2 protein chains.
Amino acid sequence: MKDSPEDLIVNAILDAIAEQRLPAGTKLGEQALSDLFSCNRANVRRALASLAAQQVVELRPNRGAFVMTPSPKEARDIFQARRAIERTIARHASGQASAGDITFLRDNILEEAAARQASDKPAELRASRQFHMRIAKIAGNLVLERFLSELTMRSTLILGLYSPTGSSSCAEDEHDRIVDALEAGSTDELVRLADEHLRHLEAGLNFDEPPAAPMSLREQLMAPGKES
Amino acid sequence: MKDSPEDLIVNAILDAIAEQRLPAGTKLGEQALSDLFSCNRANVRRALASLAAQQVVELRPNRGAFVMTPSPKEARDIFQARRAIERTIARHASGQASAGDITFLRDNILEEAAARQASDKPAELRASRQFHMRIAKIAGNLVLERFLSELTMRSTLILGLYSPTGSSSCAEDEHDRIVDALEAGSTDELVRLADEHLRHLEAGLNFDEPPAAPMSLREQLMAPGKES
DNA sequence: TTGTCATTTATTGTTAACAATATTTGATAA
DNA sequence: TTATCAAATATTGTTAACAATAAATGACAA
């Protein structure tokens with residue numbers, strides 16, 4: 001049941017992106033990764049190819065792999081697609097939630113609120129993502145679940161780039177009302193809430209500012225505006 | 001502007017699957033591919049990793065890569081997801097088609113009919129796929145376009161497995177009416193037609209028969225029930 | 001024949017070395 | 001300083017050899 005080194009790398013990078021520890025544009029050097037996971041470069045290469053196929057990593061020939069930097073146009077497409085998919089998921093999840101699902105979701109809301117109080121952004125993002133993914137699981141369609149997984153990942157990158165305030169995460173009372181509708185089995189209401197929720201998230205974006213500076217390990221470590 | 005060997009391999013395999021020249025379960029040996037494309041195995045490996053990330057190829061550790069064989073449950077999920085996405089695409093494409101788009105689609109319908117007359121299954125499948133993908137392009141969302149591309153690919157595999165008659169492809173008059181609605185800009189009608197169209201396709205599947213025998217080059221070449 | 005097992009063969013997985021290409025560094029000149 | 005360019009360094013891309021694993025073959029016994 002143990003994972004291949006390739007899966008290990010893929011999941012580690014996906015997790016890091018989902019929690020905004022890896023910002024858009026970060027270079028993913030092959031040596032660095034093979035050192036970190038103590039495996040050979042061939043495995044790293046395959047992992048990066050997988051991530052590139054999921055549009056989470058950009059592969060520039062002879063330059064290396066970088067965490068994808070979504071353009072404003074891509075951001076629009078991603079949120080549009082996400083609304084379509086989460087609406088469908090909502091429709092299929094409605095009335096299908098078990099008691100365990102509901103308690104999980106309610107606990108998750110508390111967990112996210114606590115993380116926000118503690119200013120623990122990674123934990124907050126992780127909780128928020130889990131919320132959406134759990135509902136996808138309730139809907140019971142593995143294809144939609146995988147699509148949503150990719151889209152939430154890329155949404156996180158977008159929020160990191162274009163969300164000026166820390167307004168990145170979801171409004172909690174919206175999550176609350178979604179669970180209410182889910183539990184009550186009021187399908188139309190649930191779909192409406194899901195759509196609205198994502199529109200609010202998208203409305204918080206600001207594409208006027210430049211897409212923020214690119215990233216490299218060096219730049220992150222050096223104090224801004226100072227040379228050695 | 002030339003493609004890397006990896007992209008070449010990926011596209012060749014995707015095309016072959018889309019035209020049902022590569023049936024589900026076919027083994028994709030590394031040596032065979034590296035010989036065919038005259039490149040080293042490392043490139044083949046990366047290509048297969050990409051295809052696996054797109055769920056078009058199954059990677060069995062120490063056994064090799066095989067064209068994915070969708071289960072009945074996966075088939076249901078795929079068509080459900082496809083309906084959700086094509087409905088969304090229809091809604092966004094409605095009224096957005098240029099004159100060139102319309103002529104392309106009408107020509108495409110003729111092309112598909114001609115291929116069907118000539119019993120040229122690959123050409124028929126290619127045309128049918130182009131039809132759906134062109135409408136996706138009109139909708140203008142690259143994410144939805146990519147999702148649909150993956151789903152049409154997997155749909156073709158499903159049709160190859162579970163479509164008893166040659167009823168695999170789409171009814172042509174349905175395509176006709178879709179173009180009419182698209183041109184007229186009658187959004188609700190278009191969405192309804194798209195949904196119906198996919199339901200008809202799915203209704204033609206038969207999951208009672210066994211998923212058909214697996215495949216290997218040997219079995220394909222030997223006459224059934226004969227040994228050397 | 002038919003089934004089982006050891007041997008052989010083929011295929012996948014891993015590693016290291018080398019080549020090709022960017023990037024950085026430092027020197028030189030304006 | 002600032003710009004330009006060449007050398008040095010680091011990184012990606014490619015290849016081949018080897019190890020580990022699975023599949024195929026064939027011998028042997030029932």
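All figures in this text were calculated on a predicted structure; none of them were measured in a lab. Numbers restart at 1 for each chain; the letters A, B, ... are given by sequence-line order, proteins then strands.
- The nucleotide whose nearest atom lies closest to any side-chain atom of B:E30 is, among C:dT12, D:dA23, D:dT12, C:dT12.
- Comparing D:dT11, D:dT14, C:dT11 by their nearest atom to the side chain of A:K27 picks out D:dT11.
- Protein atom CG of A:N40 is 14 Å distant from nucleotide atom C1' of D:dA17, rounded to whole Å.
- Distance CG (B:L59) to P (C:dT11): 17 Å, rounded to an integer number of Å.
- A salt bridge links A:E202 with A:R83: the closest approach of a Lys/Arg side-chain nitrogen to an acidic carboxylate oxygen falls below 4.0 angstrom.
- For B:R41, whose side chain is taken as the heavy atoms from C-beta onward, the closest listed nucleotide among C:dT12, D:dG13, C:dT23 is C:dT12.
- If you take CD of B:Q31 and P of C:dT9, they are 16 Å apart, rounded to a whole angstrom.
- Going from atom CG of A:L33 over to atom C1' of D:dA10 covers 16 Å, rounded to whole Å.
- Residues A:S155 and A:I78 are in side-chain contact: their nearest non-hydrogen atoms beyond the backbone lie under 4.5 Å apart.
- In the set C:dT15, D:dA22, D:dT15, D:dA22 carries the atom at the smallest distance from any side-chain atom of B:R63.
- Counting to the nearest Å, the C1' atom of C:dT12 and the CD atom of B:E58 are 16 Å from each other.
- Regarding contacts with the backbone of C:dG13, every side-chain N or O of A:N43 stays at 4.0 angstrom or more from both OP1 and OP2.
- Note: CZ (B:R45) to P (C:dT14) measures 7 Å, nearest angstrom.
- For the pair B:L48 CG and C:dT11 C1', the interatomic distance rounds to 13 Å; values are reported in whole Å.
- Following rounding to the nearest Å, B:E6 (CD) and D:dG13 (C1') show an atom-to-atom distance of 12 Å.
- The closest side-chain heavy-atom distance from B:F79 to B:L205 is below 4.5 Å.
- At the heavy-atom level, B:N62 lies under 4.0 Å from the strands shown only through sugar-phosphate atoms.
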